[in-house]
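These notes are about the structure you will find just below.
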Amino acid sequence: MTPEQQLEHLIGDASEVHTREELLAKLKLGRPLRIKYGADPSAPDLHLGHSVPMMRLRRFQELGHQVIFIIGDFTGRIGDPSGRSRTRPMLSQEQIKRNAETFAAQAGKILDISACEIRYNSEWLDGLGSDGLIKLASRYTVARMLERDDFSRRMAAETPISIVEFLYPLVQAYDSVAVAADVEVGGTDQLFNFLVARDIMRSYDMEPQVAATWTLLVGTDGTEKMSKSLGNYVGIAEAPAEMFGKLMSISDDILPHYYALLTDVGFDGAERIDRQIQSRELHPMEAKKRLARIIVERYHGAEAAAQAQAEFEAVFSRGELPSEMPEHRVAACDLEDGRAWIVRLVTDCGAASSNSEARRLIRGGGVRLNDERIDDETANVEVSTGDILQVGKRYFAKIVVE
RNA sequence: GGAGGGAUGCCCGAGUCUGGUCAAUGGGAGCAGACUGUAAAUCUGCCGGCGAAUGCCUACGGGGGUUCGAAUCCUCCUCCCUCCA
């Protein structure tokens, strides 16, 4: 590949790059570039949102560049303001260590983790000292800090902004100095931080890193960005069936968005699929199944993906029972004349978190025993081994009396 | 340092002047049901906990108080915001 082709391959689908010219110049040097990616020390469960920049990192890696993961253990102790309206909880050192290990294990599903450099930023930040920190802070101004959209929004909304939040971009910028980053990649929410890093690097007489950001993946709810705390995520480590199901439940509207960011078809391919759907050549459900198949395959292999699809079609299209169901054991001595209170049954098997919730589900008609709806919350139902308890569309359990 | 405003359920936000009828109006999110393609849209119900139930417990930033009774009144504390310096 020529440097120009490499450029296109690497950042062709990025939403912002500062600057393409600089990256091209760096690629022409012919040496392995140092590609920085800041790993969140508080989110050990990676989801598809994380996979977007990571898939791009893999491309860098395939072209012989050096990927550097920065575990923000130091910054994790401060709390990260990026794109959120609330400061994060602080984490303990052991917690961070454990998270970093899960991170590496999960990231390894996307790229070659053994070829990555994994660094903790406490390595250089602990030794910085208060004078070092103040000197670092003197390299930037409050006015420039306030340019950040998140800060101005929070000022307007009268929500507090802590001073440490001003420090965070600086410290993160210092990471780039410490590892001599050539390129930093991440989501668009990181753009501000990346650009601060460019300024800070310049002030250290270093060549500024190239900042490349990709659109944030929208969550399964179709509106907010994918995040664990919003519960709209598909985890990389999730079981094939879960993954497949979650992907099938996304809104049609975001289907092209998912294709573009999560598969190799690219923006053009995603657009083509969208056109086929518009012209009714392709059923949206079919397009969604293909997408789910591709993604499950990436994390679990072709066989598991095929199985997940078959299972999905059986359970949700044809209304059959799942091939595997968790067993719910009931002690015979807890039964009266072979009967159990339906509310207890639903709560005990874990389908409801409280009796009140179980009552609601029952009243709402969401509970079935052997395919028969039970809507009386006071019912004492006869149970025996092999009975199937269903709560909502997705929860099934096989009852075992012992 | 001074002056003023505020803190309510997952989130937003009424209620506070004129104490009880407040588990607390309304919206959003969420859950279940109907319709479907486990899509969207729409419609219906639910939406603190425990109880078969009259009911009981916990909850309106925290403590103390007034009262038969407090989200609502008094008091101290904590935190946030705005303006001035």
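Reminder, nothing fancy here: chain letters follow the sequence lines and each chain counts from 1.
A gap of 12 Å separates the P atoms of B:G64 and B:A59, to the nearest Å. Atom name C1', nucleotides B:A23 and B:A14: the rounded distance is 15 Å, in whole Å.
Partner assigned to B:A59 is none, using Watson-Crick or G-U wobble distances below 3.5 angstrom. Nucleotide B:U78: paired with B:A7 (Watson-Crick or G-U wobble, both distances less than 3.5 Å).
Side-chain N/O atoms of A:Ser251 include none lying less than 4.0 angstrom from OP1 or OP2 on B:A40. Residue A:Arg359 places at least one side-chain N or O under 4.0 Å from the OP1 or OP2 atom of B:G51. Contact between the side-chain N/O atoms of A:Ser356 and the OP1/OP2 oxygens of B:G49 is found at a separation under 4.0 Å. One finds no side-chain N or O of A:Lys289 lying less than 4.0 angstrom from the OP1 or OP2 phosphate oxygen of B:G37. When the side-chain nitrogen and oxygen atoms of A:Asn355 are compared with OP1 and OP2 of B:G49, none of them lie within a distance under 4.0 Å. At B:A52, none of the side-chain N or O atoms of A:Arg344 fall inside 4.0 Å of OP1 or OP2 (strictly under the cut-off).
Counting atom types as modelled, A:Asp252 pairs a side-chain N or O with a base atom of B:G37 as donor and acceptor under 3.5 Å.
A:Asp175 has no carboxylate O lying under 4.0 Å from a charged side-chain N of A:Arg119, or vice versa, which leaves the two without a salt bridge.
Side-chain contact of A:Gln172 with A:Asn193: a donor-acceptor pair under 3.5 Å is present, judged by distance alone.
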Using a 4.0 Å heavy-atom cut-off, write out nucleotides 22-30 of chain B from 5' to 3' as B (base contacted by protein), S (sugar-phosphate only) or - (no contact). ---------

